[in-house]
Each structure stands twice: as structure tokens, then as C-alpha cells.
Amino acid sequence: MPFTLATWNINSVRLRENIVAQLLRDEMPDVLCLQECKSPVEKIPTEQFRALGYNHMVARGQKGYNGVAILSKIPMVEAGAVDYAALGHARHVAGKLENGVTIHNFYVPAGGDVPDREVNEKFGQKLDYLMEMRDAFHGDMPQKSILVGDLNIAPREDDVWDHKKLLKVVSHTPVEVEALGETQDAGGWIDVTRADIPDGRLYSWWSYRAKDWDAADKGRRLDHIWATPDIANAAHGSRILRAARGWEQPSDHAPVFATFDI
DNA sequence: ATGGTAGATCGTCTA
């Protein structure tokens with residue numbers, strides 16, 4: 001049974017309830033992972049999502065900041081969450097679908113403005129978070145698993161609009177790219193999006209601050225879909241729904257999709 | 001080098 005999964009940093013699920021519903025109606029992914037819900041779990045507007053067939057949700061939330069949720073048409077048989085780096089933030093939730101696939105949904109800390117942990121505590125927290133992710137999946141290699149989310153790092157030169165200009169900009173610094181690579185390697189994760197679309201520039205985020213985000217196209221690929229090797233070769237149809245960045249009152253992120261023939 | 005926009009919440013933090 002093939003299933004399609006999408007991941008989207010929604011930047012307030014309550015403000016953007018209607019465009020979440022639009023995505024569910026138009027694209028009908030079996031599973032939608034959301035980040036930056038900025039809502040306590042009990043205030044996530046699940047009613048409209050249920051009406052569209054998304055009867056299952058696992059989520060972690062907090063007031064005003066962070067927050068992650070997995071909406072699914074497929075029942076989930078297990079759920080869990082880990083507070084990596086002990087920040088007390090709602091940045092991870094996991095669910096196991098009844099087809100046996102485990103999904104990890106992450107919102108990695110953005111890391112502040114200055115890429116130096118000596119002067120910017122947030123940057124240190126970001127690196128610590130990634131190292132705890134790495135250690136969590138090291139050794140006991142995960143199987144039949146998918147890791148998605150806003151990882152807040154664009155690792156490749158063609159994941160950003162200008163590699164040289166961004167080398168000292170948080171999200172594309174060598175130390176972050178190295179940390180993300182270690183996390184990926186420790187779990188044996190395959191970057192499904194780039195396995196599927198190996199060539200060319202690919203972005204999932206465009207700043208609100210640009211005068212004309214579409215024309216300027218100063219994007220970064222911050223949102224990722226990874227899978228373990230046992231199911232990564234079943235993935236296809238990867239895409240980023242750039243059009244959603246132009247919807248009314250949009251998120252600054254576009255949804256990323258992959259389909260798995262499992 | 002700076003400032004630009006957006007959301008939660010209502011002064012200020014976070015991105």
C-alpha cells in the first residue's frame with residue numbers, strides 16, 4: 001500500500017487552520033507532519049481535519065512557541081516524544097503507523113543569529129540538540145522509520161540561494177552542516193528528497209522579510225524527509241509545493257512531499 | 001552594516 005507523507009512548518013496552526021485544510025483537501029497526503037504549531041495540544045483545531053478524514057493525531061505543544069503534530073488518515077498504534085537537549089520545548093513527537101512505519105517529526109532549534117556558542121546560547125542549544133538526536137539513533141539502528149521536519153539546516157550548496165554568502169549565516173555554517181551529517185550518518189538515514197531529486201537548487205523556506213520572495217528567490221532547504229535504508233528505496237515522487245508559499249497569509253515554509261510504496 | 005516581516009500576546013521574545 002503506497003502512502004504519501006508531507007511535512008510543513010505551519011507557523012501557527014490556529015491562524016492557518018484553513019490553509020492546512022486546503023493542503024489536506026488538494027493533496028490528500030496520508031500523513032501530514034506540522035511544526036511550529038504555536039499552540040497547546042488541546043487548542044489545535046482538529047475538528048476540520050477530522051472532517052477531511054484525518055482522524056488520528058499525535059502532538060506535543062506549548063503556549064506560543066514550538067509545537068509539533070502528526071495528522072494521519074492511517075491509525076497510529078504507538079506514540080512518544082523526547083525532550084532532546086532538555087530544553088523543555090515541544091520539538092519532537094513520534095508515532096508508529098499501523099503499517100509498521102515509525103515517523104519522527106522534529107522542529108530543530110533555529111539557533112539565533114550569531115553562529116558562536118560562546119556568545120549565543122541558542123546556537124549551542126541547536127548543536128546540543130543535534131548531538132542528542134545523533135546519539136539517540138546511534139547503535140540501535142532504526143528500521144522502517146521516517147524522520148521529517150524543520151531541521152533548520154540547509155546542508156548542500158544547492159540547498160541555498162548563495163552558498164558563499166551564507167557560510168556565516170546560521171542554517172548553512174560548516175559546523176551545523178557537519179552536525180547534521182553526523183546525525184544523519186548515525187541513524188543510517190537517507191535524504192529521500194535529494195535521493196529523488198539529486199540535481200538543482202531546491203528550497204522549502206523563503207523569508208518574510210524579502211520584498212518579493214518569489215522574484216528574489218533567496219530560499220533555503222530547511223525542511224527534510226529522511227528514511228531508513230530498508231524503506232528509502234521505496235520512496236519516489238518527492239516534491240516541494242512552492243505554490244503554498246504564495247497562498248493567502250502564508251507560512252514562510254512550503255510543504256515537502258514523498259510517497260513510499262510499502 | 002543594517003533592517004527588513006510575521007506570530008503570540010499585549011512588552012517582548014522568537015524566527
Side-chain angles (χ1 to χ4, degrees), chain A residues 7-23 33-45 59-69 83-92 105-117 119-130 148-155 159-162 164-173 175-177 179-180 203-224 242-256:
Chain A
T7 178
W8 195 10
N9 178 318
I10 193 60
N11 187 18
S12 175
V13 70
R14 288 151 73 189
L15 186 69
R16 287 186 241 287
E17 173 185 354
N18 287 334
I19 61 169
V20 172
Q22 180 179 343
L23 185 86
C33 297
L34 297 171
Q35 303 87 33
E36 275 205 274
C37 297
K38 293 186 173 178
S39 173
V41 173
E42 64 273 16
K43 291 192 174 180
I44 295 174
R60 290 296 182 275
Q62 60 186 94
K63 190 177 175 182
Y65 301 104
N66 309 314
V68 285
D83 179 19
Y84 293 97
L87 300 173
H89 296 173
R91 296 183 176 274
H92 169 256
N105 181 16
F106 279 98
Y107 175 48
V108 170
D113 286 333
V114 183
D116 178 350
R117 71 188 308 157
V119 297
N120 171 20
E121 182 187 35
K122 289 196 179 67
F123 193 72
Q125 290 174 347
K126 181 178 196 174
L127 297 177
D128 292 346
Y129 195 95
L130 287 160
V148 307
D150 178 2
L151 305 184
N152 263 315
I153 296 172
D159 289 336
V160 295
W161 67 278
D162 189 320
K164 284 185 178 171
K165 280 196 173 71
L166 288 174
L167 276 171
K168 292 179 178 175
V169 174
V170 172
S171 73
H172 192 62
T173 64
V175 63
E176 291 169 87
V177 171
L180 189 70
Y203 313 141
S204 65
W205 173 88
W206 295 261
S207 172
Y208 283 127
R209 297 174 188 177
K211 281 188 174 70
D212 184 340
W213 71 272
D214 196 21
D217 200 21
K218 294 182 175 181
R220 307 176 201 170
R221 188 172 69 103
L222 303 180
D223 302 275
H224 299 267
R242 182 183 175 115
R245 180 62 179 81
W247 288 353
E248 192 179 338
Q249 201 172 25
S251 168
D252 46 354
H253 294 252
V256 183

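So you know, we letter chains A, B, ... as the sequences are listed, proteins then strands, and number each from 1. This is a predicted model, so every value here is computed, not measured.
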So does [X] get a side-chain nitrogen or oxygen closer than 4.0 Å to the phosphate oxygens (OP1/OP2) of [N]?
X: A:K122; N: B:dT14; result: yes
X: A:R91; N: B:dA15; result: yes
X: A:Q249; N: B:dG7; result: yes
X: A:R16; N: B:dG7; result: yes

Q.
With rounding to the closest Å, how many angstrom separate the C1' atoms on B:dG3 and B:dA15?
A. 15 Å

Q: Pick the P atom in B:dT2 and in B:dT12, then give their distance to the nearest Å.
A: 22 Å

(Q) Taking A:D252's backbone N and O only, do any of them form a donor-acceptor pair with A:Y208's side chain (distance below 3.5 Å, no angle check)? (A) yes

I need the [atom1]-[atom2] distance between [X] and [N], as an integer number of Å.
X: A:N11; N: B:dG7; atom1: CG; atom2: P; result: 6 Å
X: A:D223; N: B:dA15; atom1: CG; atom2: C1'; result: 13 Å
X: A:N66; N: B:dT14; atom1: CG; atom2: P; result: 10 Å
X: A:W205; N: B:dA6; atom1: CH2; atom2: P; result: 13 Å
X: A:L15; N: B:dT5; atom1: CG; atom2: C1'; result: 14 Å
X: A:D150; N: B:dG7; atom1: CG; atom2: C1'; result: 15 Å
X: A:N152; N: B:dT14; atom1: CG; atom2: C1'; result: 11 Å

**Q.** Set of residues satisfying side-chain contact (heavy atoms from CB on, under 4.5 Å) with respect to A:A90, sequence neighbours excluded
**A.** A:R60, A:Q62

Q: Mind checking side-chain contact (heavy atoms from CB on, under 4.5 Å) for A:V177 and listing every partner two or more places apart, or none if nothing turns up?
A: A:I153, A:P155

Q.
Quick check: any donor-acceptor pair below 3.5 Å linking the side-chain of A:R14 to the base of B:dA8?
A. no

Q: Tell me what A:K63 touches on the nucleic acid: a base, only sugar-phosphate, or nothing, going by heavy atoms under 4.0 Å.
A: sugar-phosphate

Q: Kindly point out which of B:dA8, B:dA6, B:dA15 is positioned nearest to the side chain of A:A110?
A: B:dA15

Q: Using heavy atoms to find the nearest nucleotide of DNA chain B for A:G111 and A:Y208 separately, return the residue whose nucleotide is more 5′.
A: A:Y208

Q) In terms of ring plane angle, is the pair A:Y129 and A:Y84 parallel, tilted or perpendicular, where the classes change at 30° and 60°? A) perpendicular

Q. Considering all heavy atoms of both residues, which atom of A:L222 and which atom of A:H253 are nearest to each other, and what is their separation?
A. CD1-CE1, 4.1 Å

